[in-house]
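As a basis for the values below, the full set of heavy atoms in this structure was taken, side chains included, without hydrogen atoms, waters or symmetry mates. Only a predicted model underlies this, so the values are computations on that prediction, with no experimental measurement involved.
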Amino acid sequence: MKKIDNQRKKMKITGTFLDEISHDIPHQNWGREEWDRDFAAMKSIGIDTVILIRCGHRRFITYPSKFLMEHEGCYRPPVDLVDLFLELAEKYGMTFYFGLYDSGKYWHNRECEREMEISRAVADEVWSLYGNRKAFGGWYLNFEVSRAFAGITELYAGMGRYVKQLSGNLPTMISPYIDGIKPAVPGEELYKEDSIGIVQHEKEWNEILKGIQSAVDIVAFQDGHCDYHELADYLRVNKKLTDRYGMTSWTNCESFDRDMPIHFLPIKWDKMLMKLEAAKAAGIEKAITFEFSHFMSPNSCYRAAGHLFNRYCEHFNLTGR
């Protein structure tokens with residue numbers, strides 16, 4: 001009994017992003033069989049939530065969107081991956097969150113209203129196509145920022161309220177990041193000197209969360225941008241703020257390594273374990289990861305991902321697949 005209780009106290013990963021556009025990581029060229037095998041591997045370690053990180057980026061899209069092909073010149077995909085992911089989520093008893101389209105230009109250039117116009121049209125189209133699917137359980141607002149970026153509060157609030165009203169109040173999620181000592185895109189310099197620090201982080205995110213109250217339900221901060229010994233303190237602040245505004249606090253436990261100039265390789269197990277333990281210490285409700293299929297799966301193109309999977313299973317006494 002004591003062994004079981006100790007396992008319950010550990011912070012497990014129970015959700016993952018799905019990154020099929022592969023904007024900055026290699027494409028694995030999987031088809032139905034490979035995806036089915038990977039969903040089975042996810043299920044074997046207790047993953048019950050899958051989040052499509054984006055339904056499209058620039059011209060590449062995951063489903064044959066008439067709107068995006070006509071208005072943004074997007075390429076027609078050979079397979080409807082949204083349909084496939086929903087089918088597999090239903091097969092394995094998972095909840096699917098739909099990630100909105102990222103133009104890669106409008107909101108990045110402070111044209112947030114234009115981004116919102118496109119996202120509303122995509123949400124309408126997607127809900128008409130897939131809204132009746134059993135696994136469709138929420139929305140991911142995929143505008144990832146670390147600070148009070150101009151217009152981001154309005155973008156989060158506007159889109160959050162829109163999709164909630166559209167879908168009968170299905171939950172909405174964001175996954176921002178901490179403006180810590182590790183840059184968003186590592187290069188020759190792995191650390192930067194202009195981290196805003198925990199006090200300024202709390203101040204800015206207090207204002208953002210206050211402005212998106214009732215529009216966003218789940219906040220899953222990415223955990224890779226600060227140093228490991230700082231993480232628990234940042235997570236405690238995040239938990240305090242989400243509690244203040246009636247939101248749920250998850251952690252996005254990055255399964256790739258930011259401590260090297262290569263973009264991006266599976267993380268060292270010791271580092272992932274430290275991050276999960278920090279999340280547990282901070283009282284975070286759920287851990288998800290970016291992302292299982294590339295960086296943690298036994299089916300990944302990276303052999304080290306399979307080894308990470310094995311170490312994870314050993315730690316949690318899981319059989320795995």
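- In summary, the side chains of Asn109 and Arg114 do not present any donor paired with an acceptor at a separation below 3.5 Å, with no hydrogens or angles considered.
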message: Run His23 and Arg54 through side chain to side chain contact (heavy atoms under 4.5 Å, CB included) and show every step you take.
response: CA-CA 10 Å; His23 162 54; Arg54 57 182 74 85; 3.9 Å; yes
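- Salt bridge status for Glu90 with Arg133: present, with a side-chain N to carboxylate O gap under 4.0 Å.
- A salt bridge is absent between Glu204 and Lys210; no separation between the charged side-chain nitrogens and carboxylate oxygens falls under 4.0 Å.
- Side-chain N/O atoms of Thr289 and Thr16 include no donor and acceptor closer than 3.5 Å.
- Within the model, atoms CE of Met159 and CG of Asn142 stand 9.5 Å from one another, a figure rounded to the nearest 0.5 Å.
- For Glu144 and Gln222, the side-chain atoms include at least one donor-acceptor pair closer than 3.5 Å.
- Residue Thr242 forms a side chain to side chain contact (heavy atoms under 4.5 Å, CB included) with just one option from Ile218, Leu209, Val237, and that option is Leu209.
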Could you tabulate the donor-acceptor pairs under 3.5 Å formed by side-chain atoms of residues 36-47, not counting sequence neighbours?
| unit_1 | atom_1 | unit_2 | atom_2 | d |
| --- | --- | --- | --- | --- |
| Asp36 | OD1 | Lys91 | NZ | 3.3 |
| Asp36 | OD1 | Tyr92 | OH | 2.4 |
| Asp36 | OD2 | Lys91 | NZ | 2.7 |
| Arg37 | NH2 | Glu33 | OE2 | 3.1 |
| Asp38 | OD1 | Ser297 | OG | 2.4 |
| Asp38 | OD1 | Asn299 | ND2 | 2.8 |
| Asp38 | OD2 | Ser293 | OG | 2.6 |
| Lys43 | NZ | Tyr92 | O | 2.9 |
| Ser44 | OG | Ala41 | O | 2.7 |
| Ser44 | OG | Arg321 | N | 3.4 |

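- Side-chain contact annotation: Ser103 with Glu115, donor-acceptor N/O pair under 3.5 Å present.
- Phe221 places a side-chain heavy atom less than 4.5 Å from the side chain of Ile178.
- Taking the charged nitrogens against the carboxylate oxygens, Asp227 and Arg258 have no contact shorter than 4.0 Å, which rules out a salt bridge.
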task: May I have the step-by-step check of side chain to side chain contact (heavy atoms under 4.5 Å, CB included) for Val145 and Tyr156, ending in yes or no?
output: CA-CA 11 Å; Val145 297; Tyr156 279 154; 3.9 Å; yes
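- No donor-acceptor contact under 3.5 angstrom links the side chains of Ser249 and Lys239, judged on distance only.
- Look at Glu87 and Lys134 and you find no salt bridge, because none of the NZ, NE, NH1 or NH2 atoms lies under 4.0 Å from a carboxylate O.
- At a cut-off of 3.5 Å, with distance as the only test, no side-chain donor of Tyr228 or Asp223 sits close to an acceptor on the other residue.
- A 4.5 Å side-chain heavy-atom check between Val163 and Leu170 finds every atom pair outside the cut-off.
- Clustering ILVMFWY residues whenever any of their side-chain heavy atoms sit less than 4.5 angstrom apart, transitively, puts Met296 in the very cluster that holds Leu318.
- A 4.5 Å side-chain heavy-atom check between His225 and Glu230 finds every atom pair outside the cut-off.
- Taking a cutoff of 4.0 Å between a charged side-chain nitrogen and a carboxylate oxygen, Asp270 and Arg311 do not qualify as a salt bridge.
- When side chains are defined from C-beta on, Ile212 counts as touching Met247, because their heavy atoms get closer than 4.5 Å.
- In this structure, Leu88 is not a member of the same hydrophobic cluster as Ile21, with clusters built from ILVMFWY side-chain heavy atoms closer than 4.5 Å.
- The aromatic rings of Phe143 and Trp107 stand perpendicular to each other, their planes meeting at an angle above 60°, with 30° marking the opposite boundary.
- In this structure, His201 and Trp205 have tilted ring planes: the angle between them lies in the 30° to 60° band.
- Using a cut-off of 4.0 Å between Lys/Arg side-chain N and Asp/Glu carboxylate O, Lys240 and Glu202 are scored as salt-bridged.
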- prompt: Could you walk me through whether Val219 and Asn238 pass the side chain to side chain contact (heavy atoms under 4.5 Å, CB included) check?
  reply: CA-CA 9 Å; Val219 183; Asn238 297 341; over 6 Å; no
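- With hydrogens and angles left out, the side-chain atoms of Glu113 and Tyr106 include no donor and acceptor closer than 3.5 Å.
- Counting only distance, with no hydrogens or angles, the side chain of Ser175 and the backbone of Ala220 share a donor-acceptor pair below 3.5 Å.
- Thr95 approaches Gly137 most closely through the heavy-atom pair CG2-CA, 3.7 Å.
- A salt bridge links Lys271 to Asp257: at least one charged side-chain nitrogen sits closer than 4.0 Å to a carboxylate oxygen.
- Residues Glu291 and Ile53 fail the side-chain proximity criterion, which asks for heavy atoms closer than 4.5 Å.
- The pair Arg76-Glu70 fails the salt-bridge criterion, with no side-chain N (NZ, NE, NH1 or NH2) lying under 4.0 Å from an Asp/Glu carboxylate O.
- A donor-acceptor contact closer than 3.5 angstrom links the side chains of Tyr245 and Asn206.
- Between Phe17 and the choices Phe292, Phe96, Phe295, Tyr140, the ring pair (Phe, Tyr, Trp, His ring centres under 6.0 Å) rule is met once, by Tyr140.
- Closest non-hydrogen pair, Ala287 versus Met11, comes out as N-CE, 3.6 Å.
- Side-chain contact between Ile267 and Phe256 is absent, with no heavy atoms from C-beta onward closer than 4.5 Å.
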task: Take Asp102 and Arg58 through the test side chain to side chain contact (heavy atoms under 4.5 Å, CB included) and record every step on the way to the result.
output: CA-CA 7 Å; Asp102 183 351; Arg58 296 188 182 272; over 6 Å; no
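- Put simply, the side chain of Gln28 reaches to within 4.5 Å of the side chain of His294, judged on heavy atoms.
- Residues Leu235 and Ala282 share a closest heavy-atom pair of CB-CB, 3.6 Å.
- The only option from Leu141, Ile51, Thr49, Asp217 that meets the side chain to side chain contact (heavy atoms under 4.5 Å, CB included) definition with Met173 turns out to be Ile51.
- A heavy-atom distance below 4.5 Å is found between the side chains of Tyr63 and Cys55.
- Looking at Glu125, its side chain never comes within 3.5 Å of a backbone N or O of Ser65 through a donor-acceptor pair.
- Ring geometry for Trp139 versus Trp127: interplanar angle of 30 to 60°, hence tilted.
- The backbone N or O of Asp179 sits nowhere less than 3.5 Å from a side-chain atom of Ser146 that would complete a donor-acceptor pair.
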